[in-house]
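To start, the structure itself, in structure tokens.
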Amino acid sequence: MRKIFLLIILVMMVISISKTSAAWQPEIRIGILSGVDSVDLEMSEPCNIVDADTQKIIRAVKAGEIFTISVGEMKTNALEIRGGYELTVAINGKKYFGGVRINKDKNSLTVINLAPVEEYLRGVVPEEMGVYFSTEALKAQAVAARSFTLKNRNRHKDFDLCATSHCQFYGGVDSAKTLTDKIILETRGEIVTYGGVVVDTNFHTDSGGMTEDVADVWGSAAPHLLPAKELETKTQAWTQEFSLKDFAAKLDIGELKAIKLSKLEIGKAAIDRSKSGRVKFALIIGTKKNLQISGNDLRAKFSLPSTLFDMKIDGDKIIFSGYGRGHGVGMSQRGAEAYAKIGWTYDKILAHYYHGTALKKLY
């Protein structure tokens, strides 16, 4: 009887340890606010406010208590409020998963959400790819978002990632959906690796017909971020027009005389176009000066949807006409959806867009 009792205890300990181990996941620091004088906070469960440097408890807060942290009254360099995996924090009324850290920098505060990765993804995946996408496309998005997250820790000075398109859109608790929660759970801990190491898994809305070599966008080559073909070409067509006067003024070239840029052919390179057909540079001829400008700079200056475009002078205006949405590097979200609809699984989709990679279960 005693042996049976000890065996039961041992089994319970193993189960307990297993559950604890399964619950572990990395924590991500997401920048929510910066340069503010004060912030209103509300915790979903009782917590302690601690000095982030010494871990000394400053005071306790009750569940549902709304309190204010102001730069003038804050006596430490940084404060932290943490809790269990079920904890949420309302920052100026908007709820986020996990706890919070407040950094004081001279006369302002930086407010950082401290969230477990899987909880963070609950506020990312439905923001980056709507729930109307196919299940396998959503799974590919979840794994890509998780990989990007873990690869890009410390991307900012005081935190890992911001909550905007510069990193990944993060909408917090209100963005979470039942379908994407299920998909995140089903792919829990899965990441994209190259040579066994987690890699950047950039993604964008629509490539227009072929994704881009990362070296042609940001200058640094990566063996897994090479051009990939799509099922469909000339997708997400767009046109934007500007007056010749406004165009020339923005580039400071005097009067516009001519534009030299080879014709767009998707998947065909030229001296001024990349392998996918995106604009590497265009030559703008003006009365004041001639300007060789990159496709990326043209996109930024004129808020163009992509660099997969043609441009021409038409009377007193200049017309940009192109395809796709976004930088074109890595996985095309609409391209992933097209592959999912013909029966591709998420692992096949990821392997298509991230060359030579393999999936790995990190936790």
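Numbering starts at 1 and runs along the sequence shown. Being a predicted model, the structure only gives us computed values, none of them experimental.
- Heavy atoms from other residues, nucleotides or ligands lying under 6.0 Å from NZ of K104 number more than 12.
- With respect to E265 and K268, a salt bridge is recorded, a charged nitrogen being found less than 4.0 Å from a carboxylate O.
- Heavy atoms from other residues, nucleotides or ligands lying under 6.0 Å from CD1 of I342 number more than 12.
- Of the N and O atoms on the side chains of S332 and D206, not one donor lies less than 3.5 Å from an acceptor on the other residue.
- Qualifying ring pair (Phe, Tyr, Trp, His ring centres under 6.0 Å) partners for F97, counting only residues two or more places apart in sequence or in other chains: none.
- A donor and an acceptor atom, one from each side chain of N113 and Y120, are nowhere located under 3.5 Å apart.
- Ionic pairing of E80 and R101 is present here: one or more N-O contacts between side-chain nitrogen and carboxylate oxygen are shorter than 4.0 angstrom.
- Checked by atom type, the side-chain pair E86/S44 shows no donor-acceptor distance below 3.5 Å.
- Between N152 and D200, the side chains place a donor N or O and an acceptor N or O closer than 3.5 Å (distance only, hydrogens not considered).
- The residues D272 and K280 are annotated as not salt-bridged, no charged nitrogen and carboxylate oxygen being separated by less than 4.0 angstrom.
- A salt bridge does not link D216 with R278: every distance from a Lys NZ or Arg NE/NH1/NH2 to an Asp or Glu carboxylate oxygen is 4.0 Å or more.
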Give the intermediate values and the outcome of side-chain contact (heavy atoms from CB on, under 4.5 Å) for residues Q25 and Y363. CA-CA 7 Å; Q25 53 185 286; Y363 51 87; 3.8 Å; yes

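- In this structure, the separation between CG on L308 and OG on S207 is 8.0 Å, given to the nearest 0.5 Å.
- Other residues, nucleotides and ligands place more than 12 heavy atoms under 6.0 Å from the NZ atom of K361.
- Rounded to the nearest 0.5 Å, atoms OG (S321) and CG (L264) are 8.0 Å apart.
- S70 and T68 share no side-chain donor-acceptor pair at under 3.5 Å.
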Before you tell me yes or no, could you show the steps for E212 and S274 under side chain to side chain donor-acceptor pair (under 3.5 Å), namely the whole-Å CA-CA distance, both residues' side-chain angles and the distance that decides it to 0.1 Å? CA-CA 8 Å; E212 184 64 293; S274 67; 2.7 Å; yes

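- Under a cut-off of 6.0 angstrom, the local environment of CD in E232 is sparse, with at most 12 non-hydrogen atoms contributed by other residues, nucleotides or ligands.
- Of all non-hydrogen atoms in A145 and V124, the two that sit nearest each other are CB-CG1, 4.2 Å.
- One distance of note links CG of N92 with CG of L33; it measures 5.5 Å at 0.5 Å rounding.
- Contact of the I49 side chain with the I57 side chain is not registered, since no non-hydrogen atoms from C-beta on lie closer than 4.5 Å.
- I285 forms part of a hydrophobic cluster together with L283, judged by ILVMFWY side-chain heavy-atom separations under 4.5 Å.
- Taking the six-membered ring for Trp and thresholds of 30 and 60 degrees, F242 and F320 have ring planes more than 60 degrees apart, a perpendicular arrangement.
- For the 3.5 Å distance criterion, the side chains of T345 and D347 qualify, holding a donor opposite an acceptor.
- At a threshold of 4.5 Å between non-hydrogen side-chain atoms, the residues L79 and I69 count as touching.
- For residues 146-168, the ring pair (Phe, Tyr, Trp, His ring centres under 6.0 Å) pairs, not counting sequence neighbours, are H156-F159, H156-H166.
- Contact between L109 and S38 at its shortest, heavy atoms only, is CD1-CA, 4.0 Å.
- Residues forming a ring pair (Phe, Tyr, Trp, His ring centres under 6.0 Å) with W238 (at least two apart in sequence, or on another chain): none.
- Electrostatic pairing of E190 and K360 does not count as a salt bridge here, judged by no charged N lying under 4.0 Å from a carboxylate O.
- Looking only at atom types and distance, the side chain of D246 has a donor-acceptor partner in the side chain of S243 under 3.5 Å away.
- Not a single ring pair (Phe, Tyr, Trp, His ring centres under 6.0 Å) links Y85 to another residue, sequence neighbours left out.
- Side chains of Q141 and Q333: a donor-acceptor N/O pair is present below 3.5 angstrom, by distance only.
- Judged by the 6.0 Å and 45° rule, R299 forms no cation-pi pair with F309.
- Rounded to the nearest 0.5 angstrom, S276 OG and K229 NZ are separated by 12.5 Å.
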Let's go through F203 and Y353 carefully: what are the C-alpha distance in whole Å and the side-chain angles of both, what is the deciding distance for ring pair (Phe, Tyr, Trp, His ring centres under 6.0 Å) to 0.1 Å, and is it a yes or a no? CA-CA 9 Å; F203 48 85; Y353 287 110; over 10 Å; no

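- Ion pairing between E186 and K182 holds under the 4.0 Å rule for side-chain N and carboxylate O.
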Under the side-chain contact (heavy atoms from CB on, under 4.5 Å) criterion, do N202 and W218 qualify, and how do the steps go? CA-CA 12 Å; N202 304 94; W218 295 308; 3.9 Å; yes

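- The ring pair (Phe, Tyr, Trp, His ring centres under 6.0 Å) contacts involving residues 35-62 comprise nothing, where partners must be two or more places apart or lie in separate chains.
- Using a cutoff of 4.0 Å between basic side-chain nitrogens and carboxylate oxygens, E118 and R146 are scored as salt-bridged.
- Looking only at side-chain heavy atoms (C-beta outward), R122 and T180 stay at 4.5 Å or farther from each other.
- No salt bridge links K56 with D51; every basic N to acidic carboxylate O contact stays at or beyond 4.0 Å.
- Ring-plane geometry between F247 and F302 is classed as parallel, the angle between the planes falling under 30 degrees on a 0 to 90 degree scale with a further cut at 60.
- The aromatic rings of H224 and Y194 sit tilted relative to each other, their planes meeting at an angle between 30° and 60°.
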Which is it for T193 and T357 under the side-chain contact (heavy atoms from CB on, under 4.5 Å) test, yes or no, and what are the steps along the way? CA-CA 5 Å; T193 65; T357 61; 5.9 Å; no

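- I191 CD1 to L350 CG: the interatomic distance, rounded to the nearest 0.5 Å, is 12.0 Å.
- At least one side-chain heavy atom of I28 sits less than 4.5 Å from a side-chain heavy atom of R153.
- Within the 4.5 Å cutoff, the side chain of T201 has no heavy atoms near those of the K151 side chain.
- Under the 4.0 Å criterion applied to side-chain N and carboxylate O atoms, D252 and K288 are assigned as salt-bridge partners.
- The side-chain heavy atoms of R59 and F67, taken from C-beta on, include a pair separated by under 4.5 Å.
- I313 has its side chain within reach of L256: a pair of non-hydrogen atoms, C-beta onward, lies under 4.5 Å apart.
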In sequence, state the C-alpha distance, the side-chain angles, and the governing distance for V199 and V197, and then conclude on side-chain contact (heavy atoms from CB on, under 4.5 Å). CA-CA 6 Å; V199 290; V197 179; 5.5 Å; no

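- For the pair K289 and E255, the salt-bridge criterion is not met [side-chain N within less than 4.0 Å of a carboxylate O].
- Taken from CD in Q292 to CG in D297, the straight-line distance is 11.0 Å, to the nearest 0.5 Å.
- Counting only N and O atoms by type, the side chains of T149 and Q168 include a donor and acceptor under 3.5 Å apart.
- Contact check on R82 versus E27 returns a salt bridge, with a Lys/Arg side-chain nitrogen under 4.0 Å from an Asp/Glu carboxylate oxygen.
- Nearest approach of S108 to G35, heavy atoms of both residues: CB-CA, 3.7 Å.
- A salt bridge does not link R334 with E337: every distance from a Lys NZ or Arg NE/NH1/NH2 to an Asp or Glu carboxylate oxygen is 4.0 Å or more.
- A salt bridge links D310 to R273: one of the charged nitrogens lies within less than 4.0 Å of a carboxylate oxygen.
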